[in-house]
Amino acid sequence: MELQQLKYFETIARYENITKASKLLLVSQPSLSRTLKQLENELGVNLFDRYGRNIKLNRYGRAFFRKVHSALNSIEDGKKEIDDMKGKEPQNIKLMISSASGLIPDLLSSFREIHPNVRFSLFQNKNEYGSDDCDFSILSLYSYVLNKSSIPLRTEEIYLGVPNNHPLARKKSLNLIEVEKEPFISLKPNKDLRRITDIFCEYSGFKPNIVFESDEPSMVRGLIKAGLGIAFVPSISWTKLIGPSISLLHIDIPKCKRTIYLSWKEEKYFTKADKLFKSFTQKYFGNL
DNA sequence: CGATAGCTGTTGACTTTTCG
DNA sequence: CGAAAAGTCAACAGCTATCG
């Protein structure tokens with residue numbers, strides 16, 4: 001069993017598609033098909049079920065994939081550890097951003113002022129295995145933090161943002177149930193903030209009437225300004241976005257808060273750059 | 001409904017690379 | 001150098017979607 005076979009298998013398994021894997025790996029498709037078959041022969045089982053022109057991981061394949069994936073990650077960590085020992089510069093940090101994306105540019109530029117040798121690769125589209133490949137994730141969904149190592153960076157209140165000319169704008173605070181019938185502007189359902197605010201509404205006993213959905217906080221702001229609805233606005237992560245034309249209302253019931261976490265995979269090896277970034281990020285959020 | 005085009009994975013024949 | 005491994009190309013088989 002060769003390391004290369006395992007790398008090939010991992011890519012094929014990730015996409016469940018040999019052609020796609022072959023393009024990524026820069027080898028021909030038949031070559032991958034053969035390598036996979038060799039591996040399967042050696043293991044004495046098929047790792048994929050073949051359905052005509054398609055392949056799909058079977059139970060053997062899924063079990064094997066988990067081990068291979070973690071083994072390959074471990075090897076990557078080992079390489080980093082050696083680079084670190086050699087004192088090789090610059091270093092690269094892979095960062096997954098699920099929350100507080102508006103704060104990231106400032107965080108990173110402040111960090112790079114002090115540590116210009118550290119480079120970053122940023123990822124925003126979560127996928128099943130995505131965050132495993134990253135050194136760190138910034139996120140706010142507690143369920144994602146489970147089973148990982150993490151530290152809370154900051155807890156922030158979540159306000160209700162309404163246009164200044166809205167009747168509610170005169171109030172300072174309210175109970176969430178009061179806006180049961182209001183048109184809501186919201187992020188897409190895959191966003192951390194959206195999932196949390198959906199839970200707030202559910203807790204209050206209603207389903208928000210969402211009339212606009214966007215990927216972008218800045219679009220949400222624009223839509224509030226234009227008077228098209230109201231929206232949940234996290235107090236710290238969106239501060240730079242919200243101008244004077246939007247009023248922020250405190251929500252009394254329920255308590256609307258979220259915590260932003262920095263997380264990493266448990267067995268992760270911390271390079272010098274990783275350690276610097278972790279402590280810097282902690283301080284940065286503490287000072288906001 | 002069948003013909004057809006377009007994918008995708010497998011296989012055979014062959015070439016290139018690797019390694020003892 | 002020479003065998004084995006790894007790769008390529010071309011042909012083929014099986015499936016899906018589309019179109020008249």
Side-chain angles (χ1 to χ4, degrees), chain A residues 1-98 119-135 137 144 147 186-191 194-195 210-216 219 265 267-269 271 273:
Chain A
M1 190 175 296
E2 301 297 320
L3 183 59
Q4 175 160 260
Q5 293 177 314
L6 299 178
K7 284 181 178 167
Y8 284 2
F9 165 69
E10 199 226 9
T11 309
I12 297 170
R14 180 174 296 189
Y15 296 98
E16 294 188 317
N17 181 315
I18 298 183
T19 303
K20 204 176 255 178
S22 74
K23 284 174 183 155
L24 283 163
L25 293 165
L26 305 174
V27 291
S28 68
Q29 182 272 326
S31 172
L32 279 191
S33 183
R34 282 210 161 88
T35 310
L36 177 61
K37 178 153 277 182
Q38 276 178 354
L39 187 62
E40 291 179 323
N41 286 342
E42 184 172 345
L43 292 168
V45 291
N46 281 350
L47 298 167
F48 295 85
D49 289 333
R50 273 76 171 171
Y51 300 97
R53 65 181 194 180
N54 294 312
I55 59 170
K56 198 149 181 45
L57 275 175
N58 59 25
R59 65 199 182 96
Y60 300 116
R62 279 192 297 275
F64 194 57
F65 175 73
R66 279 192 288 275
K67 297 297 181 192
V68 169
H69 184 68
S70 119
L72 293 178
N73 267 330
S74 193
I75 290 170
E76 279 308 304
D77 269 4
K79 280 155 83 177
K80 272 190 202 164
E81 191 165 346
I82 287 170
D83 283 346
D84 221 22
M85 290 160 85
K86 287 193 300 193
K88 185 190 159 201
E89 298 279 354
Q91 299 201 24
N92 189 55
I93 295 178
K94 289 187 194 165
L95 180 61
M96 169 75 68
I97 302 155
S98 299
R119 295 178 183 175
F120 286 89
S121 310
L122 305 179
F123 300 86
Q124 282 191 275
N125 297 325
K126 251 188 287 249
N127 63 47
E128 206 177 330
Y129 314 108
S131 66
D132 270 11
D133 294 334
C134 288
D135 296 304
S137 304
Y144 286 177
N147 305 324
S186 180
L187 294 177
K188 293 269 170 70
N190 61 347
K191 300 282 177 180
R194 166 69 181 277
R195 295 197 193 180
I210 291 168
V211 289
F212 288 99
E213 259 181 11
S214 166
D215 274 333
E216 279 299 311
M219 177 63 75
K265 58 176 189 278
E267 69 278 18
K268 174 181 169 54
Y269 167 77
T271 64

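Reminder, nothing fancy here: chain letters follow the sequence lines and each chain counts from 1.
As judged by a 4.0 angstrom heavy-atom cut-off over every strand, A/F48 is placed among residues making no nucleic acid contact. Contact annotation for A/S31: base contact, defined as any heavy-atom pair under 4.0 Å involving a base atom. Residue contacts for A/Q4: at a heavy-atom cut-off of 4.0 Å it reaches the sugar-phosphate backbone alone, with no base atom in range.
For A/R34 and B/dG12, a side-chain-to-base donor-acceptor distance below 3.5 Å is present, hydrogens and geometry of angles not being considered.
In this structure, the CG atom of A/N17 is 15 Å from the C1' atom of C/dT16, given to the nearest Å. If you measure from atom CD of A/Q29 to atom C1' of C/dC12, you get 13 Å, rounded to the nearest angstrom. The distance from atom CG of A/L26 to atom P of C/dA6 is 18 Å, rounded to the nearest whole Å. Straight-line distance from the CG atom of A/L32 to the C1' atom of B/dG9: 11 Å, rounded to whole Å. Between A/D49 atom CG and B/dG9 atom P the separation is 14 Å, expressed in whole Å. One interatomic measurement links the two molecules: CD1 of A/I12 to P of B/dT8, which rounds to 14 Å at whole-angstrom precision. Between the NZ atom of A/K56 and the P atom of B/dT8 there is a distance of 16 Å, rounded to whole Å. The nearest whole Å value for the distance from the CG atom in A/L3 to the C1' atom in C/dA5 is 16 Å.
In terms of phosphate contacts, A/K37 brings no side-chain nitrogen or oxygen within less than 4.0 Å of OP1 or OP2 of B/dG9. The phosphate of B/dG9 has OP1 or OP2 within less than 4.0 Å of a side-chain N or O from A/T19. Here A/S28 reaches the OP1 or OP2 of C/dT8: one of its side-chain N or O atoms lies under 4.0 Å away. Using a 4.0 Å cut-off, no side-chain N or O of A/Q38 falls inside it from OP1 or OP2 of C/dG7. Residue A/Y15 has no polar side-chain atom (N or O) positioned under 4.0 Å from OP1 or OP2 of B/dT8.
A/L72 contributes atom CG, which lies 11.5 Å from atom CG of A/D77 (distance to the nearest 0.5 angstrom).
Which of B/dG9, C/dG7, C/dC9 sits closest to the side chain of A/P30 comes down to C/dC9.
Ion pair A/E16/A/R62 not flagged as a salt bridge, since none of the NZ, NE, NH1 or NH2 atoms sits closer than 4.0 Å to an Asp/Glu carboxylate oxygen.
Below 30°, between 30° and 60°, or above 60°: for A/F9 and A/F64 the angle between ring planes is between 30° and 60°, a tilted geometry.
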Working for salt bridge (Lys or Arg N to Asp or Glu O under 4.0 Å), residues A/E2 and A/K7: CA-CA 9 Å; A/E2 301 297 320; A/K7 284 181 178 167; over 6 Å; no
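Neither side chain, A/T35 nor A/Q5, offers a donor N or O lying under 3.5 Å from an acceptor on the other.
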